There are 2 protein chains.
Amino acid sequence: MDRLFQAFADATRRDIVRRVTTGEYSVSGLAALYTMSFAAVQKHVAVLERASLVTKEKRGREQIVRANHDGLQKARRLLDEYEVIWRQRSERIADLLAETGPPTTP
Amino acid sequence: MDRLFQAFADATRRDIVRRVTTGEYSVSGLAALYTMSFAAVQKHVAVLERASLVTKEKRGREQIVRANHDGLQKARRLLDEYEVIWRQRSERIADLLAETGPPTTP
DNA sequence: CTATTCTACAACCAAATGGTTGTAGATCAG
DNA sequence: CTGATCTACAACCATTTGGTTGTAGAATAG
């Protein structure tokens with residue numbers, strides 16, 4: 001889980017995820033999109049791979065990078081949980097406030 | 001956005017977020033829950049604060065830590081976008097496959 | 001076969017991270 | 001007033017991160 005969110009904590013990596021969800025890219029194809037070195041992009045892809053957000057598939061001498069839906073879902077579910085808890089709590093507070101009623105009400 | 005996901009990339013910080021969504025904690029109240037030093041917890045809260053995930057409110061000599069719903073929503077929306085894009089793409093691929101039809105079909 | 005392309009990986013560097021201890025200012029309890 | 005508690009912040013340290021360059025191996029193009 002640490003690695004998952006860590007992977008999202010970089011704009012280049014988020015962009016790579018966005019790209020590979022919409023199209024097909026080799027590592028060098030991705031590298032061409034950014035000003036940084038090939039090796040740097042290679043490292044970013046490796047981080048995404050360790051976080052189970054993308055997979056690599058060898059095709060000829062190229063390595064095709066693909067999105068891995070599971071990782072995305074996992075991250076979203078955790079945030080959902082937090083939101084559900086928060087919503088329950090804020091509703092509970094709202095209920096308590098409603099129970100008490102305004103100060104001027106009998 | 002970097003700071004937002006960075007904030008989630010640590011188990012202690014995720015636990016703090018969970019705690020403060022369900023209850024009311026001072027910084028020292030949180031610190032008592034973990035084996036690390038008070039200063040370390042203080043730093044974690046600062047990271048969460050910079051990421052707009054929690055707010056601090058002074059009450060007497062204590063500082064009450066509260067969840068900030070907006071940050072959670074922002075993170076979740078981004079992941080939603082990725083998922084929507086991915087889903088559209090996988091549906092489009094499914095459509096293309098359906099169009100083509102199985103190889104043995106006339 | 002030779003040259004080019006794509007990839008992998010090591011070695012290095014500066015900056016950020018996650019932790020520590022120590023010091024000092026407010027606020028509360030007695 | 002005095003002592004205890006809560007917080008903030010600085011200084012320091014080890015490790016990780018995000019980047020670089022350089023080297024070497026596979027696969028393709030001509």
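Quick caveat: nothing in here was measured; it's all calculated off a predicted structure. Each chain gets a letter, A, B and so on, in the order its sequence line appears, and its residues count up from 1.
If you check every strand for non-hydrogen atoms under 4.0 Å, Ser26(B) touches sugar and phosphate atoms only. In this structure, Arg59(B) reaches neither bases nor backbone, as no heavy-atom distance under 4.0 Å exists between it and the strands shown.
Spacing between atom NZ of Lys58(A) and atom P of dT5(C) amounts to 18 Å, rounded to whole angstrom units. As a whole-Å value, the separation of Phe38(B) CZ from dC9(D) P is 11 Å. Following rounding to the nearest Å, Glu57(B) (CD) and dT7(D) (C1') show an atom-to-atom distance of 16 Å. In this structure, Arg61(B) places its CZ atom 18 Å from P of dG25(C), rounding to the nearest Å. One interatomic measurement links the two molecules: NE2 of His44(B) to C1' of dT7(D), which rounds to 17 Å at whole-angstrom precision. Per the geometry, OH belonging to Tyr34(A) stands 14 Å off P belonging to dT20(D), to the nearest Å. Look at CZ on Phe5(B): it is 21 Å from P on dA16(C), rounded to the nearest Å. Straight-line distance from the CG atom of Leu30(B) to the P atom of dT5(D): 19 Å, rounded to whole Å.
Checking Gln6(A) against Glu62(B), the closest nucleotide of DNA chain D that is more toward the 5' end is the one next to Glu62(B). Each of Asp10(B) and Ser28(A) was assigned the nucleotide of DNA chain C with the nearest heavy atom; the assignment lying further toward the 5' end belongs to Ser28(A).
One finds the CZ atom of Phe8(A) at 8.0 Å from the CG atom of Leu48(A) (value rounded to the nearest 0.5 Å). Here Glu24(A) contributes atom CD and Ile64(A) contributes atom CD1; the two are 5.0 Å apart, rounded to the nearest 0.5 Å. For the atom pair CZ of Arg77(B) and CG of Leu72(B), the computed distance is 11.0 Å after rounding to the nearest 0.5 Å.
Here the side chain of Arg66(B) pairs no donor or acceptor atom with the backbone of Thr55(B) at under 3.5 angstrom. Of the possible donor and acceptor atoms, one in the side chain of Arg13(B) sits under 3.5 Å from a partner among the backbone N and O of Ala7(B). Looking at Asn68(B), its side chain does come within 3.5 Å of a backbone N or O of Ser52(B) through a donor-acceptor pair. Looking at Gln63(A), its side chain does come within 3.5 Å of a backbone N or O of Lys58(A) through a donor-acceptor pair.
Taking the screw axis at each terminus of the helix from dC1(C)-dG30(D) to dG30(C)-dC1(D) from five consecutive base pairs, the angle between the two is 30° to within rounding of 10 degrees.
The Arg13(A) side chain lies nearest to dG18(D) when the options are dC6(C), dG19(D), dG18(D). The listed nucleotides are dT27(C), dC9(D), dG19(C); the one nearest the side chain of Ala40(B) is dG19(C). Comparing dA8(D), dG19(D), dG19(C) against the side chain of Gln42(B) picks out dA8(D) as the nearest. For Lys43(A), the listed nucleotide lying nearest its side chain is dG18(D); candidates were dT7(D), dG19(C), dG18(D).
Under 4.0 angstrom from either OP1 or OP2 of dA8(C) there lies at least one side-chain N or O belonging to Gln63(A). Regarding contacts with the backbone of dT20(C), a side-chain N or O of Ser37(B) is found under 4.0 angstrom from either OP1 or OP2.
Considering all non-hydrogen atoms of both residues, Thr12(A) and Tyr34(A) come closest at O-OH, 4.1 Å.
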